[in-house]
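Every chain is numbered from 1, with letters handed out A, B, ... down the list of sequences.
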2 protein chains.
Amino acid sequence: MDQTTRIVRAFEDAGYQTTPSRRLMAELVAGSRGHFSAADLQDRARQRRAKVGRATVFRALELLTSLRVVERLDLPNRSHAYVLCDPDEHHHHLVCSRCGRSVDVADGELARLVDEIGRRNGYRIETHRLELFGICPLCAGAGTGAAVAADREGPA
Amino acid sequence: MDQTTRIVRAFEDAGYQTTPSRRLMAELVAGSRGHFSAADLQDRARQRRAKVGRATVFRALELLTSLRVVERLDLPNRSHAYVLCDPDEHHHHLVCSRCGRSVDVADGELARLVDEIGRRNGYRIETHRLELFGICPLCAGAGTGAAVAADREGPA
DNA sequence: AGGCAGATGATACCAGGTCTCATCTGCGAG
DNA sequence: CTCGCAGATGAGACCTGGTATCATCTGCCT
């Protein structure tokens, strides 16, 4: 089962209708290399001569976020983006600041650390978020941003 | 030297002029309990019958951010806020999701963890950000949001 | 095959932030 | 002490990302 199907399935399993727009969103999200914004998706939809309303894109992203199929990132440059990720376990993101590719990172030892910080300060911790930014192996190898151009759409 | 003076001093040391608006911003920021937004500051300025342009507020916050006197938070509810914090060492924030009060948390063991994650994934990590959200001791004690009302202005 | 809950696109709106520009002022040189 | 100008300001236009409203359309269950 490929990524697109998995996403469509996620919609179905959660009781949402399968519509052309949603299928398209699923394809576009599945075909993204790095992170993407709502506007990216809409542009790419338009490139395929498909018309999707802005609201629909946001609605789809909202649903996918709630289904934990994508997650919203707050980038260091104060903009936002979404990334496709693993819905099954709590994790964080390691994001390439050049090409946007992101890998999921298990919480691991962090949980313990977070716990300890909470205890030391008397806070009851509810959630935490760790975001890591750096240069991915491909970009490091490629030198001056060669991987950037390859960012949009294509097999993972 | 009180907090306000410290902030004014930060402006001076960085070679910026000391103007009434900046002094006012310094006071308002220093007098904030939890986190605050640009709009909060402007409102509080207006309450004192001082007129500051929106742009000026943002400009001041931008400077203070670059001087690391304040930091920008991305709250879980997708809004933003600024918090006063320690300019002298790399740290993270533990933020009360009820009253917004924030304590600085030293990086500590996290650095090691981050390093390891980078190494394991072949990324050269440039920056990381950890944000913790929970209920602070005061709010936990006060029960239903009593501390919330006390949030704006007053001695730390 | 029919009906309706749920989905859609257009469009208006909102918040947070940036840009521009004409005016004003802190402050260092003299 | 005062003068001039770099730097700061406020007003307001604008931009981006996101939400709300609403009339219309359509997937899907019966």
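- An OP1 or OP2 oxygen of C:dG9 is reached within less than 4.0 angstrom by a side-chain nitrogen or oxygen of A:T56.
- Within 4.0 Å (heavy atoms only), A:R23 reaches no atom of the nucleic acid at all.
- Residue whose closest nucleotide on DNA chain C sits further toward the 5' end, between B:A38 and A:K51: A:K51.
- Salt bridge present: B:D74 and B:R129 bring a charged side-chain N and a carboxylate O closer than 4.0 Å.
- Residue A:Y82 is classed as a sugar-phosphate contact, given heavy-atom separations below 4.0 Å to backbone atoms only.
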Can you check side-chain contact (heavy atoms from CB on, under 4.5 Å) on B:L110 and B:L113, steps first, answer last?
-> CA-CA 5 Å; B:L110 186 59; B:L113 198 57; 4.1 Å; yes

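- In this structure, B:H90 has its ring center under 6.0 Å from that of B:H128.
- The distance between atom CZ of B:F36 and atom C1' of C:dG16, rounded to the nearest whole Å, is 15 Å.
- Counting atom types as modelled, B:R59 pairs a side-chain N or O with a base atom of D:dG10 as donor and acceptor under 3.5 Å.
- No salt bridge links A:R23 with A:E27; every basic N to acidic carboxylate O contact stays at or beyond 4.0 Å.
- Rounded to whole angstrom, the span from the CG atom of A:D43 across to the P atom of D:dT16 amounts to 12 Å.
- Here the nucleotide nearest the side chain of B:A55, chosen from D:dG18, D:dA11, C:dG9, is D:dA11.
- The nearest whole Å value for the distance from the NE2 atom in B:H80 to the P atom in C:dT18 is 11 Å.
- Regarding B:D74, its CG atom lies at a distance of 15 Å from the P atom of D:dG17, rounded to whole Å.
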Start with the C-alpha distance between B:V105 and A:Y123, add both sets of side-chain angles, then the distance that settles side-chain contact (heavy atoms from CB on, under 4.5 Å), and finish with yes or no.
-> CA-CA 12 Å; B:V105 174; A:Y123 275 59; over 6 Å; no

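- When side chains are defined from C-beta on, B:Y82 does not count as touching B:L73, because their heavy atoms never get closer than 4.5 Å.
- Listed pair A:S37 / D:dG17 fails the phosphate criterion, with no side-chain N or O lying under 4.0 Å from OP1 or OP2.
- The separation between A:F58 atom CZ and C:dC14 atom P is 17 Å, rounded to whole Å.
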Protein-nucleotides 27-30 of chain C N/O pairs closer than 3.5 Å?
unit_1, atom_1, unit_2, atom_2, d
C:dC27, OP1, B:T18, N, 3.0

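- Across all strands, B:R78 comes closer than 4.0 Å only to sugar-phosphate atoms, never to a base (heavy-atom distances).
- A salt bridge links B:R112 with B:E109: at least one charged nitrogen is closer than 4.0 Å to a carboxylate oxygen.
- Among C:dG17, C:dG9, D:dA8, the nucleotide with an atom closest to any side-chain atom of B:R22 is D:dA8.
- Put simply, CG on A:L41 is 14 Å from P on C:dG9, counting in whole angstrom units.
- With rounding to whole Å, A:L61 atom CG is found 11 Å from D:dG18 atom C1'.
- One N or O donor and one acceptor, one from the side chain of A:R54 and one from the base of D:dG18, sit under 3.5 Å apart.
- As a whole-Å value, the separation of A:E62 CD from C:dT8 C1' is 15 Å.
- Ring-centre distance between A:H35 and A:H93: not below the 6.0 Å cut-off.
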